[in-house]
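It should be emphasised that the depicted structure is a prediction, and the values quoted were computed from it without experimental measurement. By convention here, the first residue in the shown sequence is residue 1.
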Amino acid sequence: MAFRPLGDRVLVKRVEEEEKTKGGIIIPDTAKEKPQEGEVIAVGPGARDDSGKVVALDVAVGDRILFGKWSGTEVKLDGQDLLIMKESDILGVVA
C-alpha cells in the first residue's frame with residue numbers, strides 16, 4: 001500500500017474481537033460493536049510546533065492502540081477498512 005498520512009495523523013487497522021463470549025455464546029455480526037483497539041499501519045512525520053519545528057509522534061508502526069468509539073475517519077484502501085485519526089484521538093498504547 002502506498003499511503004502516507006500527513007502531519008500528526010495515523011493510519012489504523014481495527015483488531016477484530018472474538019465472536020464468542022466467555023460463556024460460549026456466539027455473537028452475530030449484526031450485534032457486534034466496532035472494536036476500539038487497533039494496530040498502527042502508518043504514521044505521519046509529526047505536528048509542527050509554534051516555531052515550525054516538527055515534533056515526532058509517540059506511536060510507531062506496529063503498536064497496538066486504544067482509541068475512542070467515534071474517533072477517526074473510516075476509509076477503504078486496497079480492499080481493507082481502515083481508520084485515519086489524529087494522534088490526539090489515541091487513548092493509549094497496549095503493552
Side-chain angles (χ1 to χ4, degrees):
M1 174 183 343
F3 181 81
R4 181 178 55 98
L6 299 176
D8 64 340
R9 288 182 173 76
V10 178
L11 185 66
V12 176
K13 177 179 159 186
R14 288 186 194 266
V15 176
E16 295 299 323
E17 295 180 4
E18 288 190 38
E19 297 181 2
K20 286 186 180 181
T21 64
K22 291 181 182 180
I25 299 172
I26 297 174
I27 302 170
D29 288 339
T30 55
K32 285 186 196 174
E33 288 191 24
K34 291 186 178 180
Q36 295 174 323
E37 186 174 343
E39 180 182 348
V40 177
I41 303 297
V43 295
R48 295 196 179 268
D49 62 8
D50 294 334
S51 65
K53 187 175 167 185
V54 175
V55 179
L57 300 179
D58 290 333
V59 295
V61 174
D63 284 349
R64 286 181 65 106
I65 59 168
L66 294 176
F67 49 88
K69 193 171 199 171
W70 308 108
S71 298
T73 302
E74 293 183 359
V75 295
K76 192 165 202 157
L77 295 172
D78 293 340
Q80 293 183 339
D81 291 324
L82 304 171
L83 288 168
I84 298 174
M85 65 181 67
K86 288 186 161 261
E87 185 186 32
S88 60
D89 290 339
I90 297 172
L91 303 175
V93 177
V94 178

Hey, quick one: are F3 and V61 part of the same hydrophobic cluster, counting side-chain heavy atoms closer than 4.5 Å, chains of contacts allowed? no
I'd like to know if the side chain of D78 reaches the main chain of Q80, judged simply by a donor and an acceptor atom lying under 3.5 Å from each other, with no hydrogens or angles considered. no
Out of curiosity, does L91 fall in the hydrophobic cluster containing L57 (side-chain heavy atoms, cut-off under 4.5 Å, transitive links)? no
Does R14 reach the side chain of D81, with side-chain heavy atoms less than 4.5 Å apart? no
Is there a path from L66 to V40 through hydrophobic residues (I, L, V, M, F, W, Y) whose side chains come within less than 4.5 Å of each other? no
If you look at every heavy atom in S71 and L83, which pair is closest and at what distance? O-CD2, 4.1 Å
Would a hydrophobic clustering, with Ile, Leu, Val, Met, Phe, Trp and Tyr connected at side-chain separations under 4.5 Å, put V43 with M85? yes
Kindly compute the distance separating CG (L77) from CG (L82), expressed to the nearest 0.5 Å. 5.5 Å
How long is the gap from CD on E39 to CZ on R64, to the nearest 0.5 Å? 7.0 Å
Minimal heavy-atom distance between D58 and E87, with the atoms involved, is N-OE2, 2.6 Å
In L11, D89, I41, the residue satisfying side chain to side chain contact (heavy atoms under 4.5 Å, CB included) with I84 is L11
Taking every heavy atom of E37 against every heavy atom of F67, the minimum-distance pair comes out as C-CE2, 3.7 Å
Over all atoms of both residues, closest heavy-atom pair of D63 and V59: OD2-CA, 3.5 Å
Looking only at non-hydrogen atoms, find the nearest pair between P5 and P45 and report the distance. O-CD, 3.7 Å
